[in-house]
Amino acid sequence: MPIINRAAGLKDEITAWRRDFHANPEILYDVHRTAGIVERKLRELGCDEVVTGIGRTGVVAVIKGRSNHSGKVIGLRADMDALPMTETTDVPYASTIKGRAHACGHDGHTAMLLGAAKYLAETRNFDGTAVVIFQPAEEGGAGGLAMVKDGLMDRWGIQEVYGLHNMPGLPVGHFTLRPGPLMAAADTFSIGIEGYGAHASRPHVSIDPVAVGCQLHVALQTIVARNIDPLKCAVVSVTMFQAGEATNVIPQTARLQGTVRTLEAKIRDTIEARMGEICSGVAAAHRAKISLDYRRGYPVTVNHERQTSFAASVARDVAGAAAVDTEMTPVMGAEDFSYMLEARPGAFIFMGTGPGPGLHHPAYDFNDEAIPAGVSYWARLVETAMPAA
Ligand code: NI
């Protein structure tokens, strides 16, 4: 079963929705315009229930199948938020808000799930209940967690949950995923170094926090190089090093900040512990004071075995076997759908959007040619998981 004809027929309408979202990007939880449009459309489509304000600005709608002998409830999730960056495309529907851009394609995710809701509400060709979930604040605000904490899974009795992200570089109509860890946990750290300031000509009376910071940076790189199994993966990146204001002053303090990415809980624990040990050791060696503030962010996105092979079979139905890769190499980016996968079994899949700038690039634009494949995937997933009697 290839692309659903009706999904292809809805492409122009869904494209118009997508471009409207694109021109009006909103960030984090402040997705009021987007969520308002989503709510209004879901009501127009005749969904059985539409609820707003879940996870502050998230929207949830229920679409009941023609029958419900199965008692099954499947959740489908899209994210609505954009990024705090400036778009450089010259498309006619480019962002109208400076410093805001839909550079991760969440405009496409939202429009495609709305399209699928339209199809499902029209056809109802399944036995069970579909719950469509539109979340805010995927980009760093943990909107997915906020929705889960607001009772998303229990209130609607969601039994399995599925997510989808576009992937530039993968051909349109192709899908890729894997069981197990798919995307990384993303933690951040901030290390304060307190030395002893002095005239730059008198280093012997100082405790130079710049010198200490350099030692610390080198030492932190040994965690991945020397404490982690080379066949596993981890990232420790120092991305900020701030110190000093004058050429003739050894500053009193310095600060290093950065990110840690891991795919396994044990490795995450190891890195956090080693970081603490290295900070203490370097502090002692240089008679400086070092404080480590390590913050755990999004957890590892772990695809569940059975739901992943089911999602892959749906993708094969839509795209053909040759276009579905079930052995995707994990990526070290993070995704807050991870919180939903901690709450319920499910699977996250990537869908190709063809050549062009990558995610979070200022010239990125979601490719509307991928819309029929995405809508078909959602629709077929519901119809296959809960086949009509
Ligand atoms: Ni994204």
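Sequence positions, counted from 1, serve as the residue numbers for this chain.
- A salt bridge links Glu39 to Arg43: at least one charged side-chain nitrogen sits closer than 4.0 Å to a carboxylate oxygen.
- Cluster membership check: Ile74 shares its hydrophobic cluster with Phe134, using side-chain heavy-atom separations under 4.5 Å among Ile, Leu, Val, Met, Phe, Trp and Tyr.
- A side-chain donor from one of Glu26 and Thr34 sits under 3.5 Å from a side-chain acceptor of the other.
- Among residues at least two apart or in separate chains, there is no ring-ring contact (aromatic ring centres under 6.0 Å, His included) pair with a member in residues 304-331.
- Looking at Ile278 and Ser280, their side chains never come closer than 4.5 Å, going by heavy atoms from C-beta outward.
- Cluster membership for Val302 and Ile349, using ILVMFWY side-chain heavy atoms within less than 4.5 angstrom, is not shared.
- Here ring-ring contact (aromatic ring centres under 6.0 Å, His included) pairs that include residues 172-194, with residues two or more places apart or in two chains, are Phe175-Tyr377.
- For the ring-ring contact (aromatic ring centres under 6.0 Å, His included) test, residues two or more places apart in sequence or in another chain that qualify with Phe348 are Phe337, Phe350.
- The shortest heavy-atom contact between Ala234 and Thr262 is CB-CG2, 4.2 Å.
- Here Tyr196 sits in one hydrophobic cluster together with Ile207; the rule is ILVMFWY side chains under 4.5 Å apart, joined directly or through other members.
- Among residues two or more places apart in sequence or in another chain, the side-chain hydrogen bond (donor to acceptor under 3.5 Å, both in side chains) test is passed with His217 by none.
- Every residue meeting the side-chain hydrogen bond (donor to acceptor under 3.5 Å, both in side chains) condition with Asp368, not counting sequence neighbours, appears here in chain and number order: Arg18, Arg19.
- Under the 4.5 Å side-chain criterion, counting only non-hydrogen atoms from C-beta, Arg316 is in contact with Thr326.
- No more than 12 heavy atoms of other residues, nucleotides or ligands shown are found within 6.0 angstrom of CD on Glu305.
- The distance from atom CD1 of Ile63 to atom CG of Leu42, rounded to the nearest 0.5 Å, is 7.0 Å.
- Cluster annotation: Val238 and Leu216 are assigned to the same hydrophobic cluster (Ile/Leu/Val/Met/Phe/Trp/Tyr, side-chain heavy-atom contacts under 4.5 Å, transitive).
- When atom types are taken as modelled, the side chain of Thr96 and the backbone of Ala23 share a donor-acceptor pair closer than 3.5 angstrom.
- Using a 4.5 Å cut-off between side-chain heavy atoms of Ile, Leu, Val, Met, Phe, Trp and Tyr, Leu145 falls into a hydrophobic cluster with Tyr298, Tyr339.
- Counting heavy atoms from C-beta outward, Met340 and Leu152 have side chains that approach closer than 4.5 Å.
- Contact annotation: the side chain of Ile133 approaches that of Ile158 to within less than 4.5 Å [non-hydrogen atoms, C-beta and beyond].
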Using residues 240-254 as the side-chain source, report each donor-acceptor pair under 3.5 Å to any protein atom, sequence neighbours left out, with the distance given to one decimal.
| residue | atom | partner | partner atom | Å |
| --- | --- | --- | --- | --- |
| Gln252 | OE1 | Gly197 | N | 2.8 |
| Gln252 | NE2 | Glu194 | OE2 | 3.1 |
| Gln252 | NE2 | Gly195 | O | 3.4 |

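- If you run side-chain hydrogen bond (donor to acceptor under 3.5 Å, both in side chains) between Tyr364 and each of Thr88, Thr89, Asn166, only Asn166 comes through.
- Under the side-chain hydrogen bond (donor to acceptor under 3.5 Å, both in side chains) criterion, Lys232 pairs with Glu264, sequence neighbours left out.
- Surrounding NZ of Lys11 are more than 12 heavy atoms belonging to other residues, nucleotides or ligands, all under 6.0 Å away.
- Looking at residues two or more places apart in sequence or on another chain, you find a side-chain hydrogen bond (donor to acceptor under 3.5 Å, both in side chains) between Arg295 and Asp293.
- Note on residues 148-160: pairs passing salt bridge (charged side-chain N to carboxylate O under 4.0 Å, His left out), not counting sequence neighbours, are Asp154-Arg344, Glu160-Arg306.
- Of the residues Asp81, Leu83, Ile97, the one that meets the side-chain contact (heavy atoms from CB on, under 4.5 Å) test with Pro25 is Ile97.
- Screening residues 71-128 for ring-ring contact (aromatic ring centres under 6.0 Å, His included) gives His22-Tyr93, His106-His109, His106-His165, His109-His165 as the qualifying pairs, with residues at least two apart or on separate chains.
- Taking hydrophobic clusters as Ile, Leu, Val, Met, Phe, Trp and Tyr residues chained together by side-chain heavy-atom distances below 4.5 Å, Val59 shares a cluster with Met112.
- Within the 4.5 Å cutoff, side-chain heavy atoms of Pro136 are placed close to those of Met147.
- Hydrophobic cluster membership differs between Val260 and Met332, with clusters built from Ile, Leu, Val, Met, Phe, Trp and Tyr side chains linked at under 4.5 angstrom.
- The shortest side-chain heavy-atom distance between Arg380 and Glu383 falls under the 4.5 Å cut-off.
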